[in-house]
Amino acid sequence: MNPYYRPRRSMLYVPGCSTRYLNKARSLKVDSVILDLGDPILVEMKEQSRRYVSEAVLAGGYGRREVVVRVNDLDSPWGHDDVKAVATIGADAILFPNVESKADVDEALGALDAAGGKHLPIMVMIESPIAVLRAQEIAAASDRIACLVMATGDLLNQLHGRRTPDRIAIVHSLSHVLLAGRAYDRSVVDGISTDLKDMQTYEFGCRLARDLGFDGKSLVHPFQLPYCNDAFTPKPHDLAAANDVIEALAHAHQEGRGTVVVNGRLVEGHHVAAARRLLALADMIEKLEAGR
């Protein structure tokens with residue numbers, strides 16, 4: 001399993017320009033906070049936001065939540081200074097935007113290492129058609145990639161697609177990036193929804209991403225948190241079924257059989273691996289929530 005694997009049911013973008021939001025994130029029931037220095041921050045607030053985020057991470061108080069800092073593009077006036085400022089403050093990972101190739105991954109790692117962050121994993125944002133097409137190249141670029149984070153709003157705009165509840169315009173892209181991520185044992189997280197009023201569509205989007213196989217969903221407002229956490233949390237009946245699968249196949253093996261039928265479904269070794277992964281995730285979630 002990827003050494004950086006952990007629950008990422010919900011990844012909340014927190015604007016680095018607001019000390020109020022940076023403080024509030026310490027009390028929210030979120031798995032990961034992405035302290036954001038990127039595009040949403042006004043140019044005149046870039047340097048101040050960098051200072052606010054550095055001070056917030058150094059101050060601590062985020063408990064067991066994963067603390068991620070999203071930096072600006074490395075070819076922007078702020079990107080390299082962002083990396084230098086946050087490489088050694090105690091963040092759990094650095095998120096690099098607009099990654100479109102192995103060369104971009106190498107550049108991100110080079111900048112982070114030069115700033116003293118050789119110990120840190122990175123996350124990469126997939127937000128363009130070329131990034132989707134090169135998802136395998138990107139996912140394979142380094143074992144320090146902890147997570148691929150979809151930027152579905154940017155992607156949808158570049159595809160000239162329409163925003164619909166079934167997300168038909170980007171389902172292929174979501175599946176393609178997920179396939180690449182899983183091939184190289186990376187976590188993969190779905191993108192945000194900017195509609196803060198249509199919770200029914202948001203909940204549907206969470207469950208669609210879960211059913212596709214995503215680890216979680218990024219979000220921009222605490223209102224959306226319960227839907228992410230609920231969709232990507234294993235339910236008691238799922239855990240009971242996982243235990244049934246493990247026990248039934250173990251018993252079948254003792255009797256010299258390689259398969260067994262559980263609740264009308266044929267069970268083989270790969271089902272046991274999936275069951276154990278689900279149980280491990282549930283245990284990690286329980287510990288995470290206990291430590292908030």
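Side-chain atoms are counted along with the backbone in the values below, which use heavy atoms only and exclude waters and symmetry mates.
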**Prompt:** Looking at Val67, Asp92, Val69, which hits side-chain contact (heavy atoms from CB on, under 4.5 Å) with Val33?
**Reply:** Val67
**Message:** I'd like to know if Val14 and Met45 are part of one continuous hydrophobic network [Ile/Leu/Val/Met/Phe/Trp/Tyr, side-chain heavy atoms within less than 4.5 Å].
**Reply:** no
**Message:** Going by the rule side chain to side chain donor-acceptor pair (under 3.5 Å), which residues pair with Ser32 if we only count those two or more places apart in sequence or in a different chain?
**Reply:** Glu66
**Asked** Between Ser193 and Asp195, is any side-chain donor less than 3.5 angstrom from a side-chain acceptor?
**Response** no
**Prompt:** Hey, are Glu137 and Ser101 close enough side-chain-wise for a donor-acceptor pair under 3.5 Å?
**Reply:** no
**Message:** Do Val53 and Ile122 land in one hydrophobic cluster if side-chain heavy atoms of ILVMFWY residues count as linked below 4.5 Å?
**Reply:** yes
**Prompt:** Between Arg8 and Asp31, is the closest basic N to carboxylate O distance under 4.0 Å?
**Reply:** no
**Asked** Are a donor atom and an acceptor atom from the side chains of Lys46 and Asn72 found within less than 3.5 Å of each other?
**Response** yes
**Asked** Are any of the side-chain heavy atoms of Glu289 and Arg64 separated by less than 4.5 Å?
**Response** no
**Prompt:** Does one hydrophobic cluster hold both Leu58 and Val83, with members joined at side-chain heavy-atom distances below 4.5 Å?
**Reply:** yes
**Item:** Asp215 and its salt bridge (charged side-chain N to carboxylate O under 4.0 Å, His left out) partner, picked from Arg186, Arg182, Arg9
**Value:** Arg182
**Request:** Without swapping roles, check the side chain of Arg134 against the backbone of Glu100 for a donor-acceptor pair under 3.5 Å.
**Result:** yes
**Request:** Any chance you could lay out the salt bridge (Lys or Arg N to Asp or Glu O under 4.0 Å) test for Asp190 and Arg167, step after step, and finish with the verdict?
**Result:** CA-CA 12 Å; Asp190 188 17; Arg167 309 178 75 192; 2.6 Å; yes
**Request:** Check whether Leu133 and Ile138 end up in the same hydrophobic cluster, where Ile, Leu, Val, Met, Phe, Trp and Tyr are linked by side-chain heavy atoms less than 4.5 Å apart.
**Result:** no
**Message:** Taking side chain to side chain donor-acceptor pair (under 3.5 Å) as the definition, give me every residue that meets it alongside Gln48, ordered by chain and number, with sequence neighbours left out.
**Reply:** Tyr52
**Message:** Can you confirm whether the side chains of Thr201 and Asp198 place a donor and an acceptor under 3.5 Å from each other?
**Reply:** yes
**Message:** So that I can tick it off, tell me whether Arg207 and Asp211 are bridged by a salt bridge, with the cut-off set at under 4.0 angstrom between side-chain N and carboxylate O.
**Reply:** no
**Message:** The criterion is ring-ring contact (aromatic ring centres under 6.0 Å, His included); which residues satisfy it with Phe204, sequence neighbours excluded?
**Reply:** none
**Asked** Under 4.0 Å between a Lys/Arg side-chain N and an Asp/Glu carboxylate O for Lys118 and Asp113?
**Response** no
**Asked** Do Val132 and Ile170 belong to the same hydrophobic cluster, where Ile, Leu, Val, Met, Phe, Trp and Tyr are linked whenever their side-chain heavy atoms lie under 4.5 Å apart, directly or via other members?
**Response** yes
**Request:** Could you check Val260, Asn263, Val272 and say which one makes a side-chain contact (heavy atoms from CB on, under 4.5 Å) with Val245?
**Result:** Val272
**Request:** State whether a side-chain donor-acceptor pair under 3.5 Å links His251 with Glu247.
**Result:** no
**side chain to side chain contact (heavy atoms under 4.5 Å, CB included) assessment of Val189 paired with Leu148** = CA-CA 6 Å; Val189 169; Leu148 309 177; over 6 Å; no
